[in-house]
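Atoms considered below: every heavy atom in the structure, side chains included; atoms not considered: hydrogens, waters and symmetry mates.
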Amino acid sequence: MRPPPRRLFVELDLGPLPHGPIGAALELPLLAGRVVFTVPAQRHAFQRHPDDFPACLPHSGGVIARPLFAGDDFRNAGKIELISRIPALGRGLLVAVTLDERGSGVYHVCSMYPVSDRKIEDRLARGFLRRVVF
């Protein structure tokens, strides 16, 4: 499927990253900062998951604000995964976020896609995901 024209996307500010609870869950020293979903990242997510993107996008800010689970994406250094179960989707939503290693105060969403409950439970059992406690 061909992505919509660039002008149909706008950069989104998804709010502050709850760095305390996420950092505690992952045992990482995270800095305070805002999370943005840039136009190129939205186009990437749309190209990879064109059927799911429109339904997932409205929930991305909620996953950032209050994730149920967090994981360190060891295959992609410098990124973490935030996941929440979304009843409206009938499954979970994973939002991948780059770490703010330069202290700029900005985190970037690099991808977003639905994940099954089975995948969530499997990652929890293998220790790749941890519960985030607020």
Side-chain angles (χ1 to χ4, degrees):
M1 174 180 244
R2 193 164 194 232
R6 180 179 172 90
R7 67 183 177 277
L8 293 182
F9 294 107
V10 296
E11 183 168 296
L12 301 172
D13 181 333
L14 299 179
L17 182 78
H19 63 284
I22 294 170
L26 296 175
E27 299 175 5
L28 289 174
L30 299 178
L31 301 173
R34 301 200 65 79
V35 180
V36 297
F37 200 175
T38 64
V39 169
Q42 289 176 59
R43 286 179 58 86
H44 166 79
F46 179 85
Q47 288 172 332
R48 297 286 307 257
H49 309 279
D51 295 333
D52 296 314
F53 182 84
C56 292
L57 185 61
H59 303 286
S60 58
V63 174
I64 296 295
R66 203 155 176 90
L68 293 176
F69 311 104
D72 187 351
D73 186 358
F74 297 107
R75 291 176 294 160
N76 296 300
K79 296 180 179 143
I80 59 173
E81 298 174 345
L82 304 176
I83 300 175
S84 286
R85 290 190 171 103
I86 308 297
L89 298 176
R91 53 194 164 168
L93 178 60
L94 182 150
V95 179
V97 176
T98 58
L99 295 175
D100 179 22
E101 295 173 339
R102 289 184 265 164
S104 67
V106 179
Y107 293 88
H108 292 91
V109 172
C110 51
S111 193
M112 169 192 73
Y113 52 90
V115 291
S116 68
D117 284 339
R118 182 177 177 180
K119 188 172 216 173
I120 292 170
E121 294 304 323
D122 179 57
R123 286 179 163 185
L124 280 167
R126 293 187 299 150
F128 292 133
L129 284 181
R130 297 182 181 171
R131 295 189 189 278
V132 178
V133 179
F134 283 86

inquiry  = Taking the six-membered ring of Phe9 as reference, does the cationic atom of Arg43 (NZ for Lys, CZ for Arg) lie under 6.0 Å from its centre and within 45° of its axis?
reply    =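 No.
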Least distance between heavy atoms, [X] atom then [Y] atom:
X     : Y      : answer
Pro54 : Asp51  : CD-O, 4.1 Å
Leu89 : Cys56  : CD1-SG, 4.0 Å
Pro50 : Arg48  : CD-C, 3.5 Å
Leu93 : Val115 : N-CG2, 4.3 Å

Assigning hydrophobic clusters by single linkage (Ile, Leu, Val, Met, Phe, Trp, Tyr; side-chain heavy-atom cutoff under 4.5 Å), is [X] placed with [Y]?
X     : Y      : answer
Leu31 : Val106 : no
Leu82 : Tyr113 : no
Leu94 : Leu129 : yes
Val35 : Leu28  : yes

May I ask you to test the [X]-[Y] pair for a side-chain heavy-atom distance under 4.5 Å?
X      : Y      : value
Tyr107 : Ile80  : no
Arg131 : Leu124 : yes
Ile83  : Lys119 : no
Pro21  : Pro67  : no
Arg123 : Phe69  : no
His44  : Ser111 : yes
Gln42  : Phe53  : yes
Val95  : Met112 : yes

Arg126, CZ: over 12 other non-hydrogen atoms inside 6.0 angstrom =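 Yes, because the 6.0 Å sphere around CZ of Arg126 holds more than 12 heavy atoms from other groups.
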query = Is the backbone of Leu68 close enough, under 3.5 Å, to the side chain of Ser84 for a donor and an acceptor to pair up by distance?
reply =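 The answer is yes, because a donor-acceptor pair under 3.5 Å joins these two groups.
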ask   = Is the side chain of Arg130 donor-acceptor paired with the backbone N or O of Ala25 at a distance under 3.5 Å, no angle test?
value =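 Here the side-chain-to-backbone pair exists.
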query = How many angstroms lie between CG in Asp72 and NZ in Lys79, if you round to the nearest 0.5 Å?
reply =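 That separation rounds to 12.0 Å.
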